[in-house]
> 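Supplied in structure tokens, the structure appears directly below.
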Amino acid sequence: MSDSTTKSGAELLIDALKINGIQNIYGLVGIPVTDLARLAQIEGMNYYGFRREDAAVNAAAAAGFITGKPGIALTVSAPGFLNGLPSLAQATKNCFPLIMISGSSDRNIIDLDQGDYEGLDQYNIAKPFCKAAFRVNRAEDMGTAVARAIRTAVSGRPGGVYLDLPAEAIESMMIDDKKGNNVYEIVDPAPSVIPSDESISRAINIIKNSQKPLVIVGKGAASARAEKEVKELIDTLNVPYLPMSMAKGLIPDDDSHSAAAARSYSLKNADTIILLGARLNWLLSHGKAPVFNESAQVIQIDIDAYEFDSNRRIDAPILGDMKSSLRKLIDAVHEQEVTVESQWLDDVQNVVLSNKEKMRTRLEAGKTSEPLNFFGALLPLQEYMNEHPDTYLVSEGANTLDMGRNIIDMKLPRHRLDCGTWGVMGIGLGYAIAAAVETGKRVIALEGDSAFGFDAMEMETICRYHLPVTVVVLNNGGIYNGTDKVVDNQPSPTNLDPRAHYEYLSSAFGGDSYVASTYSEVKDALVKAMDSNNPSIINATLNPSAGTESGHIDNLNAKIDLKKA
Ligand code: FYN
Ligand code: ADP
Ligand code: MG
């Protein structure tokens with residue numbers, strides 16, 4: 001330990017995080033970071049210990065998305081670092097601000113490949129998977145490293161940052177000589193980026209000549225906390241909008257401008273697309289026909305110019321942060337009194353009403369369906385979320401994810417977290433833990449039975465910290481579903497055990513357990529679980545034949561003629 005005039009790298013790291021308002025660390029300790037985590041607790045930070053690093057890093061990434069400050073993850077060297085790496089990559093892909101800090105081995109041994117305990121050149125391995133990687137070799141550089149890591153994670157397009165801490169840097173000492181120790185609060189970590197006047201004029205000219213503009217709101221607008229501006233633009237123009245899954249709730253899903261239930265109709269018929277913090281990637285069919293109208297004009301607001309023209313010509317790129325860009329665009333709409341013919345919104349609303357009526361019929365039938373199907377299992381969640389919109393909802397799976405997204409309305413921003421841009425399984429419990437920790441609110445983790453398996457052991461973490469998380473497992477006994485049979489002497493590649501008592505994983509660690517096999521049982525269990533504030537699992541046992549291959553994205557699954565084999 002240091003005396004009053006010297007500080008270790010570990011102490012300086014913690015000072016630098018704290019002075020920048022960071023309170024929580026999500027991690028899994030071992031050599032060489034155990035004392036670092038202990039010291040964080042002594043210094044008044046909260047340390048949340050996980051069972052596997054990917055979940056810890058996912059939790060930190062979700063904390064970043066929810067709070068707008070970088071989430072902090074801590075892992076041990078080589079294997080711990082490697083377990084955390086996929087989550088670092090996902091955070092970067094999802095544009096979530098995150099700093100993954102890993103202990104590492106002494107450089108002199110690594111660089112000559114002399115063989116060290118868990119020796120790996122982590123710094124160089126991390127680089128392709130994050131926005132930036134930094135290595136700290138001396139205690140006196142700790143403040144600079146944290147400043148650079150925070151600024152990189154949150155500014156511009158947010159993302160994951162890797163901070164490599166060799167054991168020597170953690171232990172090394174610097175004299176705190178009152179001239180300062182290089183630890184400081186960063187000034188304006190994510191500066192505004194104001195778009196040019198010309199880019200706004202170009203967009204206004206397109207909107208003026210448009211009859212059928214559609215706004216697409218992505219999770220970039222959610223990250224930017226631009227809900228007020230997004231709503232103002234949509235209300236002012238009185239046009240329909242399509243929320244991407246993690247943008248649900250930026251405007252309440254029951255808003256009359258929502259085109260979510262008329263997705264195909266609105267995308268196909270729009271003559272102008274106003275893209276707000278969403279990429280034209282696979283989730284938006286790359287902006288191409290037949291899903292999109294090829295001749296539609298596209299206005300795109302993004303903080304990263306790299307994104308423009310990624311798949312099709314962008315007619316009006318607006319480079320700027322979402323809040324500043326929307327402010328300028330809305331002001332121009334008012335000044336120039338731009339209006340849009342309301343027939344388009346009426347047409348979209350008619351399709352919405354008709355699709356919603358079809359959905360209502362399916363949900364109503366689900367109430368009495370035995371065995372239970374997805375509609376009957378998801379309706380209680382819809383009802384609960386309508387009554388308790390401040391609950392956080394995390395979701396993953398295939399059918400569970402897709403049907404849940406369409407059935408469960410969100411009313412508040414950044415309250416839905418899911419598989420994200422890569423469609424990753426295994427994010428659920430880590431994200432749920434972060435949502436509970438960062439907000440103190442109740443959390444539902446809605447999981448397919450396969451998805452739950454990827455990080456189910458984090459139920460112990462949830463119970464250890466007594467977090468108000470209810471995991472609802474929609475158990476249809478398989479990946480996609482449980483009835484596939486290929487050959488007689490082996491389970492199918494998609495089979496899981498439909499009799500699995502997933503709820504035991506909660507009672508095993510002191511949480512509550514429920515089994516539910518009808519709509520009423522799911523509803524009762526959910527109300528009890530949520531009222532109790534206890535960690536819990538509801539095992540909703542579905543018809544093993546419920547669910548389709550790959551959920552809504554079967555078109556992406558390579559097809560082979562199995563009969564020929
Ligand atoms: C949507 N819809 C509704 C509603 N909401 N109908 C009635 N009521 C409500 N509330 C309609 C919507 O208009 C569509 O009909 C249809 O339901 C499906 O909507 P969805 O799911 O939004 O759209 P689509 O085209 O099926 O999928 C688009 C997608 C989405 C790719 C963006 O599937 C997605 O986000 N997928 C992520 C998948 C993922 O990550 N999976 C994890 C890996 S699983 P139409 O308008 O008639 O088209 C590994 O296998
Ligand atoms: P979705 O999956 O919801 O469609 P994406 O993750 O594909 O959303 O896209 C998010 C986009 O938002 C990225 O291109 C990113 O650069 C952009 N973005 C992130 N933060 C901001 C911000 N503050 N202002 C503007 N654009 C942003
Ligand atoms: Mg399943």
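Note that the structure is predicted; figures quoted are calculated from it, not measured. Each ligand, and each atom within it, is numbered from 1 in the order the structure gives. Because only heavy atoms are used, hydrogens play no part in the values below, and waters and symmetry mates are left out as well, while side chains stay in.
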> Would you mind running through ligand 1 and noting each atom that sits below 4.0 Å from a heavy atom of Ala261?
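The atoms of ligand 1 under 4.0 Å from a heavy atom of Ala261 are 1 (C), 2 (N), 3 (C), 4 (C), 5 (N), 6 (N), 7 (C), 8 (N), 9 (C), 13 (O).
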> Consider ligand 2: state whether an atom of it lies below 4.0 angstrom from any non-hydrogen atom of Glu307.
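So Glu307 counts as touching ligand 2.
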> Which ring-ring contact (aromatic ring centres under 6.0 Å, His included) pairs, counting each pair once, include a residue from residues 261-311, with sequence neighbours left out?
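Every pair satisfying ring-ring contact (aromatic ring centres under 6.0 Å, His included) with a residue in residues 261-311: there are none.
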> Do Gln343 and Asp347 meet the criterion of a side-chain donor-acceptor pair at a distance under 3.5 Å?
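Gln343 vs Asp347: donor-acceptor pair found between side chains.
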> Give the atoms of ligand 1, by number and element, whose distance to some non-hydrogen atom of Ser264 is under 4.0 Å.
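That gives atoms 45 (P), 46 (O), 47 (O), 48 (O) of ligand 1.
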> Is the closest heavy-atom distance from Met244 to ligand 1 below 4.0 Å?
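No.
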> Give a yes-or-no answer on whether the side chains of Asp321 and Ser324 include a donor-acceptor pair shorter than 3.5 Å.
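Result is yes, a qualifying pair exists.
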> Quick check on contacts: which atoms of ligand 2 are under 4.0 angstrom from a heavy atom of Ala278?
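Those qualifying, in numeric order: 4 (O), 8 (O), 9 (O), 11 (C).
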> So which of Asp418, Asp253, Asp254 actually passes salt bridge (Lys or Arg N to Asp or Glu O under 4.0 Å) with Lys248?
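So, applying the salt bridge (Lys or Arg N to Asp or Glu O under 4.0 Å) to Lys248 and each of Asp418, Asp253, Asp254, only Asp253 qualifies.
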> Considering only heavy atoms, which of Asn555, Asp402, Asn557 lies nearest to atom 36 (N) of ligand 1?
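Closest candidate by heavy-atom distance is Asp402.
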> Keeping Lys323 on the side-chain end and Arg225 on the backbone end, is there a donor-acceptor pair under 3.5 Å?
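Looks like yes, one N/O pair under 3.5 Å.
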> Out of all atoms in ligand 2, which are within 4.0 Å of some heavy atom of Gly277? Include the element for each.
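Counting atoms of ligand 2 from 1, those under 4.0 Å from Gly277 are 8 (O), 9 (O), 10 (C), 11 (C), 12 (O).
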> For the residue pair Tyr502 and Phe452, does the interplanar ring angle fall in the parallel (under 30°), tilted (30 to 60°) or perpendicular (over 60°) class?
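Tyr502 vs Phe452 ring planes: perpendicular.
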> If you measure every N/O of Ser223 against every N/O of ligand 2, is any gap under 3.5 Å?
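Not met; the criterion fails.
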> For Ser245 and ligand 1, answer yes if some heavy atom of the residue is under 4.0 Å from a ligand atom, otherwise no.
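No heavy atom of Ser245 comes that close to ligand 1.
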> How close do Ile22 and Ile72 get, counting heavy atoms only, and between which atoms?
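For Ile22 versus Ile72, the nearest heavy atoms are CG2-CG1, 3.4 Å.
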> Should one rank Asp302, Asp321, Ile318, Leu280 by closest heavy-atom distance to atom 17 (C) of ligand 2, which comes out on top?
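Residue with the shortest heavy-atom distance to the ligand atom: Asp302.
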> I'd like to know if the side chain of Ser492 and the backbone of Val486 have a donor-acceptor N/O pair within less than 3.5 Å.
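No; zero donor-acceptor contacts below 3.5 Å.
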> Please say whether Arg157 places an N or O atom under 3.5 Å from an N or O atom belonging to ligand 2.
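N/O-N/O distance under 3.5 Å: yes.
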> Could you tell me whether Leu284 approaches ligand 2 through its side chain, its backbone, both or neither, with non-hydrogen atoms closer than 4.0 Å?
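It is neither; nothing of Leu284 touches ligand 2.
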> Any idea which atoms of ligand 1 are less than 4.0 Å away from a heavy-atom of Gly397?
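The list of qualifying atoms is 42 (C), 44 (S).
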> Against heavy atoms of Asn281, which atoms of ligand 2 measure under 4.0 Å?
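Those qualifying, in numeric order: 7 (O).
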> Nearest heavy atom to atom 32 (C) of ligand 1: which of Gln382, His552, Arg263 does it belong to?
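The nearest heavy atom belongs to Arg263.
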> Does the pair Arg405 and Asp402 meet the rule for a salt bridge (Lys or Arg N to Asp or Glu O under 4.0 Å), with working shown?
CA-CA 5 Å; Arg405 185 180 57 245; Asp402 289 331; 3.0 Å; yes
> Check contact between Trp282 and ligand 1, using heavy atoms of the residue and a distance below 4.0 angstrom.
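A heavy atom of Trp282 does come that close to ligand 1.
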> Just let me know how Met322 lines up against ligand 2, side chain, backbone, both or neither, with a heavy-atom cut-off below 4.0 Å.
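For Met322, backbone and side-chain atoms both sit under 4.0 Å from ligand 2.
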> As an exercise, identify every atom of ligand 2 less than 4.0 angstrom from a heavy atom of Ala224.
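Near Ala224, meaning under 4.0 Å from one of its heavy atoms, ligand 2 has 22 (C), 23 (N).
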> Distance only, no hydrogens: is a donor on one side chain within 3.5 Å (strictly under) of an acceptor on the other, for Thr421 and Asn94?
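There is such a pair between these side chains.
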> Hey, is the main chain of Lys212 close enough, under 3.5 Å, to the side chain of Asp271 for a donor-acceptor pair?
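Side chain of Asp271 to backbone of Lys212, a donor-acceptor pair under 3.5 Å: yes, one is there.
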> With heavy atoms of Leu283 as the reference, note each atom of ligand 1 found under 4.0 Å away.
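What qualifies from ligand 1 is 32 (C), 34 (C), 35 (O), 36 (N), 37 (C).
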> Mind checking whether Gly320 has a heavy atom under 4.0 Å from ligand 2?
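Contact check Gly320 vs ligand 2: positive.
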> Heavy-atom contacts with Arg279 under 4.0 Å: which atoms of ligand 2 show up? List them by number with element.
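Ligand 2 atoms under the 4.0 Å threshold to Arg279: 4 (O), 5 (P), 6 (O), 7 (O), 9 (O), 14 (O).
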> Are Ser506 and Ser536 linked by a side-chain donor-acceptor pair shorter than 3.5 Å?
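No, no side-chain donor-acceptor pair sits under 3.5 Å.
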> Using a 4.0 Å heavy-atom threshold (strictly under), name the region of Met425 that reaches ligand 1: side chain, backbone, both or neither.
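The side chain, only.
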> If you have a sec, work out which protein heavy atom is nearest atom 26 (N) of ligand 2 and how many Å separate them, to one decimal?
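Checked against all protein heavy atoms, atom 26 (N) of ligand 2 sits closest to Ile303 N, 3.2 Å.
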> What protein heavy atom lies closest to atom 12 (C) of ligand 1? Include the residue and the distance to one decimal.
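Ranking protein heavy atoms by distance from atom 12 (C) of ligand 1, first comes Ala260 O, 3.6 Å.
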> Among all protein heavy atoms, pick the one closest to atom 7 (C) of ligand 1 and tell me residue, atom and distance.
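Nearest protein contact, heavy atoms only, for atom 7 (C) of ligand 1 is Asn355 O, 3.3 Å.
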> To the nearest 0.1 Å, how far is atom 2 (O) of ligand 2 from its closest protein heavy atom, and which atom is that?
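Ranked first by proximity to atom 2 (O) of ligand 2 is Lys219 NZ, 2.7 Å.
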> What's the shortest heavy-atom distance between Gly426 and Asp455, and which atoms?
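Shortest heavy-atom contact: O-OD2, 3.0 Å.
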> For the Mg ion (ligand 3), which protein N/O/S atoms are closer than 2.8 Å?
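As for protein N, O or S atoms lying under 2.8 Å from the Mg ion (ligand 3), they are Asp449 OD1, Asn476 OD1, Gly478 O.
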> Please could you name the atoms of ligand 2 that Gly218 approaches to less than 4.0 Å, counting only its heavy atoms?
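Ligand 2 atoms under the 4.0 Å threshold to Gly218: 3 (O).
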> Tell me which one of Leu556, Asn406, Ile553, Val351 gets a heavy atom nearest to atom 31 (C) of ligand 1.
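Residue with the shortest heavy-atom distance to the ligand atom: Ile553.
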> For atom 30 (C) of ligand 1, which candidate among Arg405, Glu549, Arg360 holds the nearest heavy atom?
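Answer by nearest heavy atom: Arg405.
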> Give a yes/no on ligand 1: does Ala259 have at least one heavy atom closer than 4.0 angstrom to it?
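In this structure, Ala259 fails to qualify as a contact of ligand 1 - no heavy atom is under 4.0 Å.
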> Quick check on contacts: which atoms of ligand 2 are under 4.0 angstrom from a heavy atom of Pro158?
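In order of number, 19 (C), 20 (N).
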> Could you go through the side-chain contact (heavy atoms from CB on, under 4.5 Å) check for Met359 and Met403 one step at a time?
CA-CA 11 Å; Met359 178 67 91; Met403 295 176 74; over 6 Å; no
> Under a heavy-atom criterion of less than 4.0 Å, does Ala247 contact ligand 2?
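Under 4.0 Å: no for Ala247.
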> As an exercise, identify every atom of ligand 2 less than 4.0 angstrom from a heavy atom of Gly220.
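Checking each atom against Gly220, I get 10 (C), 12 (O), 18 (N), 19 (C), 20 (N), 21 (C).
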> Would you say the side chain of Ile274 lies within less than 4.5 Å of the side chain of Ile299, judging by non-hydrogen atoms?
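Yes - at least one pair of side-chain heavy atoms lies under 4.5 Å apart.
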> Indicate, as side chain, backbone, both or neither, the part of Met359 found under 4.0 angstrom from ligand 1 when only non-hydrogen atoms are considered.
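Near ligand 1, Met359 shows its side chain, while the N, CA, C and O stay back.
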> Pull out every atom of ligand 1 sitting under 4.0 Å from any heavy atom of Tyr480, numbered as shown with elements.
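The list of qualifying atoms is 49 (C), 50 (O).
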> Less than 4.0 Å between atom 15 (O) of ligand 1 and some protein heavy atom, yes or no?
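Within 4.0 Å: no protein heavy atom nearby.
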> Which heavy atom of Ala546 sits nearest to which heavy atom of Asn481, and what is that distance?
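The answer is O-CB, 3.1 Å.
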> Do Glu232 and Thr236 meet the criterion of a side-chain donor-acceptor pair at a distance under 3.5 Å?
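Per modelled atom types, Glu232 and Thr236 side chains form no pair under 3.5 Å.
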> We want to know whether Ser199 and Lys328 form a side-chain donor-acceptor pair, criterion being a heavy-atom distance below 3.5 angstrom.
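No.
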> Below 4.0 Å, non-hydrogen atoms only: which portion of Leu401 touches ligand 1? Side chain, backbone, both or neither.
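For Leu401, only side-chain atoms sit under 4.0 Å from ligand 1.
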> Side chain, backbone, both or neither: which applies to Ala262 and ligand 1 if a contact is any heavy-atom pair less than 4.0 Å apart?
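Just the backbone.
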